[in-house]
J.: 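I have a structure I would like to understand better, so I am pasting it below and will then ask my questions one at a time.
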Amino acid sequence: MPFLMVSPHPSHPTRPAQGGTVLAFDFGLKRIGVAIGETLLGRANALTTLDAETNEARFAAIGRLIEEWQPALLVVGIPFSLEGAEHEMTARCRRFANQLHGRFGLPVALADERLTSASADAELREAGLDWKARKGRVDAVAAQHILQGYFDAVA
């Protein structure tokens, strides 16, 4: 049964009842990072970064990913300040999660994404990528960190 957590803070995540593929999103105004994983393996991998200019183009690209991967669950990273307070992007990410649920009819879980972009950038820097190379991958790796955090929380 689809669910959408809409509480002010992510609640304790629950594993989808039937398992399967999960797509995770690191929503941004310019780019959306996407990661993929399987609930049985509990392991996330960076998939792609969407950088379409319009919302319709973004949702069309997401629709193609959903059609290709047939996920059982979507996970959206929700940003908070380091102190746990909401800010402008928190509301935008909640709206994005609601739009995913409304457009695709899939359950959507919200996951705290604090510091995932910073840890993704550090990981890519340690791998030897310069800023130009990191810029194209950091959002997908941040989505990977969001999804891995979700898997670790439900394990």
Side-chain angles (χ1 to χ4, degrees), residues 2-16 22-37 39 42-63 65-66 71-127 129-155:
F3 65 94
L4 178 64
M5 297 186 304
V6 292
S7 66
H9 298 283
S11 61
H12 183 70
T14 56
R15 180 180 296 273
V22 180
L23 288 179
F25 300 91
D26 177 34
F27 176 81
L29 297 178
K30 294 183 179 177
R31 297 177 304 276
I32 300 173
V34 185
I36 190 166
T39 56
R43 183 123 179 109
N45 294 293
L47 182 61
T48 189
T49 299
L50 306 174
D51 61 358
E53 291 188 22
T54 67
N55 275 342
E56 285 308 313
R58 288 174 163 200
F59 281 109
I62 291 169
L65 291 173
I66 288 173
L73 174 70
L74 306 176
V75 173
V76 174
I78 298 294
F80 295 99
S81 70
L82 292 178
E83 296 78 27
E86 294 194 16
H87 51 76
E88 181 184 344
M89 279 305 291
T90 310
R92 287 180 180 252
C93 288
R94 286 186 196 288
R95 183 168 184 255
F96 174 69
N98 280 322
Q99 289 174 319
L100 287 175
H101 180 69
R103 287 178 184 242
F104 302 109
L106 290 167
V108 179
L110 306 178
D112 189 338
E113 70 162 48
R114 275 181 273 189
L115 300 176
T116 55
S117 293
S119 65
D121 189 53
E123 179 181 318
L124 294 171
R125 188 179 317 115
E126 288 176 18
L129 277 69
D130 64 20
W131 168 240
K132 189 174 181 179
R134 292 193 320 263
K135 183 178 177 185
R137 298 190 56 199
V138 70
D139 298 301
V141 174
Q144 177 186 357
H145 289 206
I146 291 166
L147 184 53
Q148 192 61 55
Y150 174 82
F151 283 148
D152 293 346
V154 298

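Computed from a predicted structure; not experimentally measured.
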J.: If you look at every heavy atom in L147 and G37, which pair is closest and at what distance?
T.: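 Reported closest heavy-atom pair: CD2-N, 3.5 Å.
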
J.: What is the distance from atom OG1 of T90 to atom CD of E113, rounded to the nearest 0.5 Å?
T.: 8.5 Å

J.: If you measure from CG on L47 to CD on Q144, what distance do you get to the nearest 0.5 Å?
T.: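 Spacing of CG (L47) from CD (Q144) equals 10.5 Å.
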
J.: Looking at every non-hydrogen atom in both residues, tell me the closest pair between P79 and C93 and how far apart they are.
T.: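 Taking P79 first and C93 second, the nearest heavy atoms are CD-SG, 3.5 Å.
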
J.: Answer whether the closest heavy-atom distance between the side chains of N98 and V108 falls below 4.5 Å.
T.: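 Not in contact.
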
J.: Where do P71 and L106 come nearest, in terms of heavy atoms and distance?
T.: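 Heavy-atom minimum between the residues: O-CD2, 3.5 Å.
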
J.: Does the side chain of V76 come within less than 4.5 Å of R94's, by heavy atoms?
T.: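 R94 does not reach V76 side chain to side chain.
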
J.: To the nearest 0.5 Å, how far apart are NE2 in H145 and OG1 in T116?
T.: 8.0 Å

J.: Tell me, please, which residues at least two apart from R31 pass side-chain hydrogen bond (donor to acceptor under 3.5 Å, both in side chains).
T.: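 In terms of side-chain hydrogen bond (donor to acceptor under 3.5 Å, both in side chains), with neighbours along the sequence ignored, R31 is linked to D139.
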
J.: Drop me the distance from E123's CD to L129's CG, to the nearest 0.5 angstrom.
T.: 10.0 Å

J.: Please report the shortest heavy-atom distance between A72 and P107, naming the atom on each side.
T.: O-CG, 3.2 Å

J.: A57 and A52: which non-hydrogen atoms are nearest, and at how many Å?
T.: CB-CB, 3.5 Å

J.: More than 12 heavy atoms of other residues, nucleotides or ligands under 6.0 Å from CZ of R92: yes or no?
T.: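 Result for CZ/R92: open.
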
J.: Are any of the side-chain heavy atoms of T48 and L65 separated by less than 4.5 Å?
T.: yes

J.: Starting from the C-alpha separation in whole Å, work towards a yes-or-no answer on side-chain contact (heavy atoms from CB on, under 4.5 Å) for L74 and H101.
T.: CA-CA 9 Å; L74 306 176; H101 180 69; over 6 Å; no

J.: For F96 and F25, take the angle between the two ring planes, folded into 0 to 90°, and tell me which bin it lands in: parallel under 30, tilted 30 to 60, perpendicular over 60.
T.: perpendicular

J.: If you compare all heavy atoms of G136 against all heavy atoms of T49, which two are closest, and at what distance to 0.1 Å?
T.: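 Smallest interatomic distance, heavy atoms only, reads O-OG1, 3.4 Å.
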
J.: Can you tell me how far apart CG (L100) and CZ (R95) are? Round to the nearest 0.5 Å.
T.: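 L100 atom CG to R95 atom CZ measures 11.5 Å (nearest 0.5 Å).
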
J.: Quick one: do D130 and K132 make a salt bridge, cutoff under 4.0 Å?
T.: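 No.
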
J.: Considering only heavy atoms from C-beta outward, does the side chain of R58 approach that of F27 to under 4.5 Å?
T.: yes

J.: Output the distance between atom CG (D121) and atom CZ (R137), rounded to the nearest 0.5 Å.
T.: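 Output value for this atom pair is 12.0 Å.
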
J.: With a 4.5 Å limit on heavy-atom distance, are the side chains of R103 and I62 in contact?
T.: no

